[in-house]
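Data first, discussion second: the structure below is written as structure tokens.
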Number of protein chains: 2
Amino acid sequence: METPKNPTSVNHRIREGLSRVAMVMRADDWNRAKTSGLNPAQLAILELLEGRKDGLAVKEVATNLGVSQPTATDSIAALERKGLVAKRSAGTDKRGVNVGITSEGLSMLEAGRSSQSLAERTVDALAEHEQEDLLITLVKMIRHLQETDAIPIQRMCASCRYFAPFAHSDAAQPHHCNFVDAAFGQRDIRIDCREHETADPASRAATWDVFQQG
Amino acid sequence: METPKNPTSVNHRIREGLSRVAMVMRADDWNRAKTSGLNPAQLAILELLEGRKDGLAVKEVATNLGVSQPTATDSIAALERKGLVAKRSAGTDKRGVNVGITSEGLSMLEAGRSSQSLAERTVDALAEHEQEDLLITLVKMIRHLQETDAIPIQRMCASCRYFAPFAHSDAAQPHHCNFVDAAFGQRDIRIDCREHETADPASRAATWDVFQQG
DNA sequence: TTGCGTAACATAGGACTCCTATATATATAT
DNA sequence: ATATATATATAGGAGTCCTATGTTACGCAA
């Protein structure tokens, strides 16, 4: 039994697996980014900003990407040089800036979307029910990270005030979104919805309770 | 319906989720690595080499980490300066080298294992059955990547000649490992087993068929 | 056995990531 | 008002990561 890190732990093996998949996704990101003269960090910022028409503060970019603030400043500067993002000063607070994607940035993203990525094909190879389970599991992991303040609130149904889980008896479309006022299913649960509005902690907890029972 | 990338696609949302989790793991890796004066790339190499007492070629390090060969050379050189890995020339072929972890490298890894990482706690927060499902899903994804030659063969049960899936009727321990000659369960499936020996493609396919039915 | 194509690794050059520490200019609380 | 806290920028440094190219060394054929 000469074992490096308790290999009988499911936890450890899951993290090995996640690392592997993450590695592939990172390599994938390089390929996607490279074609447009970018790198993964810059591409990530562009994609982050795509869904936020009001822009983000430098600090928000940093926390969303899990890097330090100076690093975010660095990458934003690189994108600025290329004309893909632009800074404008944020409303009242004269210290803050608002980083927004430019139309050039949007076109660049659009252009890179052509071919199917390796990650995309890999997920496609899973059975439908596996995809659904994986999505829900990821939601649970991300929610846990949010609620323990490890990462900022993500724009998921789980933390959204418009989300009404299991509001319908229809097994295919049990949930309801009060923003678009429509029923939807497990596989339609959002990870990053631009219509998201953060609910207060108490109602988040209540909603999550209901969701978990399903 | 002004949507960036077909948000109705489960595939896309899963990749959003995986990216999020990957990001957290990367940030986590920085913390783990930092305490020992390393960075994630160097830590990854050290961990890769830990399970390979015979060492790896530079090229193998590169493919296993999904980076270019010069990048692998770079990082290996950084580790060499710190005395954590050592190169010796590979047997016959005088072009090749064998990169192996030193005892200093092993101690460094051991020292960094103390505290529970964020990723670890996140996986722990999942229910047991969810952990098991996630592990199996990851195995499927990685296998798909292997079989399509996107990544080199990983040391998983799925590609191992010693793996006999569903050899027993016991629902808790249906599989059998012919290396240790013991039964084991779904949650014990290995992602990176140091006893792995690659089976030939035909028997891999047959084994996988059986495994998938379970 | 000379020679060509190929394979393994190293080097060179360059753009950037990413960190910590610190400076600068507000904002806010006391 | 004054101290403290916040948002961003700068400085400095190690190292990642790429492409392109250089060195050897292998292996097979003419």
Side-chain angles (χ1 to χ4, degrees), chain A residues 23 25-46 48 55-82 84-100 152, chain B residues 23 25-46 48 55-82 84-100 152:
Chain A
M23 196 204 76
M25 289 184 70
R26 242 189 91 75
D28 229 34
D29 282 343
W30 260 107
N31 287 329
R32 275 202 305 150
K34 226 168 19 185
T35 62
S36 22
L38 301 175
N39 61 41
Q42 292 170 19
L43 185 60
I45 294 179
L46 241 37
L48 176 65
L56 286 179
V58 171
K59 189 197 179 165
E60 291 174 315
V61 172
T63 59
N64 268 286
L65 265 53
V67 297
S68 69
Q69 170 264 309
T71 296
T73 296
D74 270 356
S75 293
I76 289 168
L79 286 168
E80 232 180 336
R81 271 177 251 132
K82 297 174 187 170
L84 304 178
V85 305
K87 279 187 208 158
R88 44 181 187 279
S89 72
T92 334
D93 192 333
K94 278 175 186 159
R95 295 169 305 178
V97 295
N98 232 280
V99 186
Chain B
M23 196 203 76
M25 291 183 68
R26 244 188 90 74
D28 229 31
D29 282 342
W30 259 106
N31 287 329
R32 276 202 304 149
K34 227 171 13 186
T35 62
S36 22
L38 301 176
N39 62 40
Q42 293 172 16
L43 185 61
I45 293 180
L46 241 38
L48 176 66
L56 286 179
V58 171
K59 189 197 179 165
E60 290 173 316
V61 172
T63 60
N64 268 286
L65 266 54
V67 297
S68 69
Q69 170 263 309
T71 296
T73 296
D74 270 354
S75 294
I76 289 167
L79 286 168
E80 233 181 336
R81 270 176 252 133
K82 296 174 187 169
L84 304 178
V85 306
K87 278 185 208 160
R88 44 182 187 278
S89 72
T92 335
D93 192 332
K94 280 175 186 157
R95 294 169 305 179
V97 295
N98 233 281
V99 186

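Here is how names work: the chains are called A, B, and so on, in the same order as the sequence lines, proteins then strands, and each is numbered from 1.
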Compile the donor-acceptor pairs under 3.5 Å between side chains in residues 71-81 of chain B and protein atoms, sequence neighbours left out, one pair per line.
| from | atom 1 | to | atom 2 | distance (Å) |
| --- | --- | --- | --- | --- |
| Thr71(B) | OG1 | Ser68(B) | OG | 3.0 |
| Thr73(B) | OG1 | Gln69(B) | O | 3.2 |
| Thr73(B) | OG1 | Gln69(B) | NE2 | 3.1 |

Interatomic distance, [X] atom [atom1] to [Y] atom [atom2] [nearest 0.5 angstrom]:
X        : Y        : atom1 : atom2 : result
Arg95(B) : Lys59(B) : CZ    : NZ    : 10.0 Å
Leu84(B) : Leu38(B) : CG    : CG    : 6.0 Å
Leu43(B) : Thr35(B) : CG    : OG1   : 8.5 Å

On DNA chain D, nearest-nucleotide positions of Lys34(A) versus Val58(A): which is more 5'?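 The 5'-side residue here is Val58(A).
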How do Arg95(A) and Lys59(B) order along DNA chain C: which one's closest nucleotide is nearer the 5' end?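 Looking at DNA chain C, the more 5' nearest nucleotide goes with Lys59(B).
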Boundaries of the DNA chain C segment in contact with chain A, non-hydrogen, under 4.0 Å: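 So the outermost contacting nucleotides come out as dC16(C) to dA27(C).
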Among residues at least two apart in sequence or on other chains, which ones pass side-chain hydrogen bond (donor to acceptor under 3.5 Å, both in side chains) with [X]?
X        : answer
Asn98(B) : none
Gln42(A) : Lys82(A)
Asn64(A) : Arg20(B)
Lys34(B) : Asn31(B)

Check whether any side-chain nitrogen or oxygen of Lys87(A) sits under 4.0 Å from OP1 or OP2 of dA9(D), and answer yes or no.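 Result: yes.
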Are any non-hydrogen side-chain atoms of Val61(A) and Leu56(A) less than 4.5 angstrom apart?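 Counting from C-beta outward, Val61(A) and Leu56(A) do come under 4.5 Å.
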In dot-bracket form, how is DNA chain C paired, counting a Watson-Crick or G-U wobble pair only if both its distances are under 3.5 Å and using | for bases paired to another strand? ||||||||||||||||||||||||||||||
How is Thr92(B) classified with respect to the nucleic acid when contacts are heavy atoms under 4.0 Å: base, sugar-phosphate, or nothing? sugar-phosphate
So what does Ala77(B) touch, heavy atoms closer than 4.0 Å: a base, only the sugar-phosphate, or nothing?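 Ala77(B): no heavy atom of the nucleic acid under 4.0 Å.
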Please list each protein N or O that sits under 3.5 Å from an N or O in nucleotides 13-17 of chain D, with the distance.
| from | atom 1 | to | atom 2 | distance (Å) |
| --- | --- | --- | --- | --- |
| dG15(D) | OP1 | Lys82(B) | NZ | 3.3 |
| dG15(D) | OP2 | Arg81(B) | NH1 | 3.1 |
| dG15(D) | O3' | Asn39(B) | ND2 | 2.9 |
| dT16(D) | OP1 | Asn39(B) | OD1 | 3.3 |
| dT16(D) | OP1 | Asn39(B) | ND2 | 3.2 |
| dT16(D) | OP1 | Gln42(B) | NE2 | 3.0 |
| dT16(D) | OP1 | Ser75(B) | OG | 3.4 |
| dC17(D) | OP1 | Arg26(A) | NH2 | 3.1 |
| dC17(D) | N4 | Asp74(B) | OD2 | 3.1 |

What one should report as the nearest heavy-atom pair of Trp30(A) and Asn39(A) is CH2-CB, 3.8 Å
My understanding is that only residues two or more places apart in sequence, or in another chain, count here; which of them pass salt bridge (charged side-chain N to carboxylate O under 4.0 Å, His left out) with Asp29(A)?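 In terms of salt bridge (charged side-chain N to carboxylate O under 4.0 Å, His left out), with neighbours along the sequence ignored, Asp29(A) is linked to Arg32(A).
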Would you mind reading off the distance between Glu80(A) atom CD and dA9(D) atom C1', rounded to a whole angstrom? 12 Å
